[in-house]
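Read the structure below first, then the notes.
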Amino acid sequence: MTIKHKHEHNKIKQTKIGANMAKSAKVVVVTSGKGGVGKTTTSASFATGLALRGFKTVVIDFDIGLRNLDLIMGCERRVVYDFVNVINGEATLYQAMIKDKSCDNLFLLAAAQTKDKDALTEEGVERVINELKQEFDYIVCDSPAGIEKGAFMALYFADEALVVTNPEVSSVRDSDRILGILASKSKRAVNGEEKVKEHMVVTRYNPERVESGDMLSIDDIKDILRIPVLGVVPESKDVLQASNTGTPAINLHGTNVSEAYIDIVARFLGEDKPMRFTTVEKKGLLKRIFGGN
Amino acid sequence: MKLTSAAFSYYVLELSLQDEMSDIEDKFVSLCKFDDSAKYIVIDIIELMTTEQISKLITNVSLIANRCGLEIIYLAASPLISKQEIAGIQVVALPKGVVKTPQLVNNVSKFITEPVRSGAVVKNDGDIVILGLVSHNAEIIASGHIHIYGDCRGKLRAGNNGDKNAHIFVERFNAELISIAGIFKVIEDKLPNNLHNKAVHIFLDDKERINIVPR
């Protein structure tokens with residue numbers, strides 16, 4: 001009798017917290033326009049970072065037919081039901097959501113591999129997102145490349161956007177196009193609400209190559225896109241290793257990629273952190289003698 | 001073809017043989033948007049044509065006008081017209097000084113403060129004023145002048161309906177293409193230092209060449 005009572009008490013408490021959180025639930029889209037710039041890597045690390053900070057976070061893979069996020073998060077084999085199953089009503093959210101193995105606050109909603117982007121309907125996606133908003137603090141949408149239906153659905157419901165850009169002209173131009181779409185075709189724009197908050201994440205940045213003139217600098221990119229830079233992720237071989245082993249890069253403790261993503265999450269949450277990894281590191285005397293990086 | 005407001009009571013439509021019916025319809029539609037109370041149209045023939053041609057033109061224009069809720073009331077008297085009445089429309093002399101008040105229909109200017117991103121098109125039947133950035137591959141199309149107070153890297157078309165007196169002013173000029181009244185210039189190579197990212201004024205000279213001068 002007492003146990004049952006206690007259980008009920010807990011349940012009431014939980015729903016209360018859930019109701020409070022529903023108000024502040026934020027939909028964040030990770031997008032870029034161009035493919036291969038690091039959207040999925042950024043989505044995985046960003047969502048993990050938010051979850052590690054104690055926010056209940058879910059990350060949704062919108063790349064129907066080319067699912068990668070589950071690989072990078074290391075839970076490929078645990079995908080039974082996916083996002084499209086939920087949209088079509090073939091599975092409930094709780095059956096489809098996969099809890100991350102290292103972090104209790106992090107959940108993944110995988111994309112379907114056997115369908116295509118037409119499986120995403122506006123009503124279906126809206127219903128799933130509204131349902132997730134009841135439970136979670138942050139809903140991270142990993143957008144596919146391009147400006148077709150998948151990318152459009154991923155950004156349509158966004159409150160904030162991380163635009164991932166590489167320091168090269170074509171990537172920056174495509175990001176510019178995506179920013180235009182965010183400002184004109186997202187739900188907030190269509191309904192005339194406050195515009196989607198835009199953040200820029202520059203990935204694969206190599207200060208040496210910027211200094212030698214092969215790569216665009218942060219200032220060049222800022223001059224074209226005119227949005228605030230949330231963070232700079234240096235080019236590193238750790239990223240490849242992270243995705244091959246199914247670990248979000250933010251969890252490779254001690255690497256500069258992990259540090260960069262920790263900074264990005266901190267700045268996103270409003271903390272003031274100085275920019276790192278944007279200038280060429282001067283090698284110390286010992287390092288110059290003994291080598292190493 | 002030109003549609004002008006002559007007085008409070010009617011609009012004057014100048015017609016020649018080259019005018020397309022679809023253009024006339026566009027003009028009527030935009031007139032109705034611009035002026036809810038517009039009702040009466042006076043046709044002014046500005047080219048020598050036979051009575052049969054005038055009659056046919058009036059019949060066609062009447063059809064379009066009726067569809068838009070407008071009515072052709074008179075034909076303006078001119079040396080080009082010898083009859084008192086054509087196709088049931090009476091020829092009258094318009095009062096002097098009222099005819100052809102130079103007020104273009106629907107020439108409201110557009111004012112933009114957000115950056116114009118790559119792939120976006122800003123179009124206006126009138127002037128366009130932009131405070132801020134015009135990105136690569138964005139297009140600004142105005143039937144009037146274009147003013148840009150910021151960086152301009154996209155394509156600019158002023159006087160798009162054929163107005164050769166349209167001008168373009170840019171605060172920091174690095175456009176890919178400029179055009180005035182359909183006369184265009186592609187800027188392929190880097191501009192000279194006195195123009196690149198500088199304030200410029202672009203206009204057509206009397207020989208219809210595009211001029212870009214620093215300001």
Side-chain angles (χ1 to χ4, degrees), chain A residues 29 31-35 37 143 145-149 151-152 155 158 161-186 188-200 213 216-217 219-229, chain B residues 33 108-126 128-142 146-157 169-178 186-191 193 195-200:
Chain A
V29 61
T31 186
S32 75
K34 196 171 186 296
V37 295
S143 167
I147 52 171
E148 273 72 46
K149 190 154 188 197
F152 177 69
L155 66 79
L162 301 195
V163 178
V164 183
T165 302
N166 283 2
E168 47 123 1
V169 177
S170 57
S171 170
V172 176
R173 193 69 59 84
D174 291 359
S175 297
D176 196 19
R177 181 89 171 90
I178 278 286
L179 284 166
I181 292 172
L182 272 168
S184 63
K185 298 219 174 100
S186 65
R188 278 174 174 245
V190 172
N191 293 350
E193 292 163 34
E194 194 189 342
K195 62 180 250 177
V196 178
K197 200 173 173 195
E198 300 150 338
H199 309 273
M200 172 165 41
L216 293 178
S217 71
D219 287 336
D220 294 336
I221 301 170
K222 266 204 253 179
D223 183 48
I224 297 172
L225 297 182
R226 308 283 166 101
I227 58 171
V229 180
Chain B
K33 273 187 208 152
V108 185
S109 51
K110 202 173 215 174
F111 186 72
I112 290 169
T113 50
E114 293 289 305
V116 184
R117 300 282 181 191
S118 182
V121 178
V122 177
K123 206 170 177 183
N124 188 31
D125 196 1
I128 296 179
V129 181
I130 296 175
L131 285 189
L133 172 76
V134 176
S135 262
H136 301 274
N137 283 329
E139 265 192 81
I140 312 297
I141 304 169
I146 298 176
H147 308 255
I148 296 169
Y149 299 95
D151 281 86
C152 172
R153 298 159 184 157
K155 301 186 170 91
L156 307 176
R157 300 173 191 276
F169 299 89
V170 180
E171 194 175 51
R172 278 192 296 282
F173 181 66
N174 191 15
E176 297 164 325
L177 180 144
I178 44 173
V186 179
I187 299 159
E188 219 172 320
D189 304 316
K190 193 175 179 278
L191 288 157
N193 280 336
L195 297 176
H196 183 76
N197 282 338
K198 296 281 176 3
V200 299

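Letters A, B, ... are given to chains in the order of the sequence lines, protein chains preceding strands, and every chain is numbered from 1. The shown structure was predicted, so the numbers you read here are calculated from the model rather than taken from an experiment. Reckoned from all heavy atoms, side chains included, excluding hydrogens, waters and symmetry mates.
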Practice prompt. Measure the shortest side-chain to side-chain distance between B/R117 and A/L182 over non-hydrogen atoms and say whether it is less than 4.5 angstrom.
Written response: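 The answer is no, as the side chains (C-beta and beyond) never meet within the 4.5 Å cut-off.
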
Worksheet item: If you draw a 6.0 Å radius around NZ in A/K222, do more than 12 non-hydrogen atoms from other residues or ligands fall strictly inside?
Response: no

Worksheet item: Residues of residues 162-178 of chain A under 4.5 Å from chain B (heavy atom pairs)?
Response: A/R173, A/D176, A/R177

Worksheet entry | Neighbourhood of chain B inside residues 189-198 of chain A, taking heavy atoms under 4.5 Å as contact | A/K195, A/E198

Fill in: Atom pair CG/CG of A/D223 and B/L133 - distance to nearest 0.5 Å
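Answer rounded to 0.5 Å: 8.0 Å.
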
Item to complete: Quick one: closest heavy-atom pair of B/R153 and A/I224, and the distance?
Response: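 Minimum heavy-atom separation between B/R153 and A/I224: NH1-CA, 3.6 Å.
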
Worksheet item: What residue in B/G132, B/A120, B/S118 has the most heavy-atom pairs under 4.5 Å with chain A?
Response: B/S118

Worksheet item: Which atoms of A/I147 come close to chain B, meaning under 4.5 Å heavy atom to heavy atom: side chain ones, backbone ones, both, or neither?
Response: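 Neither part; nothing is under 4.5 Å.
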
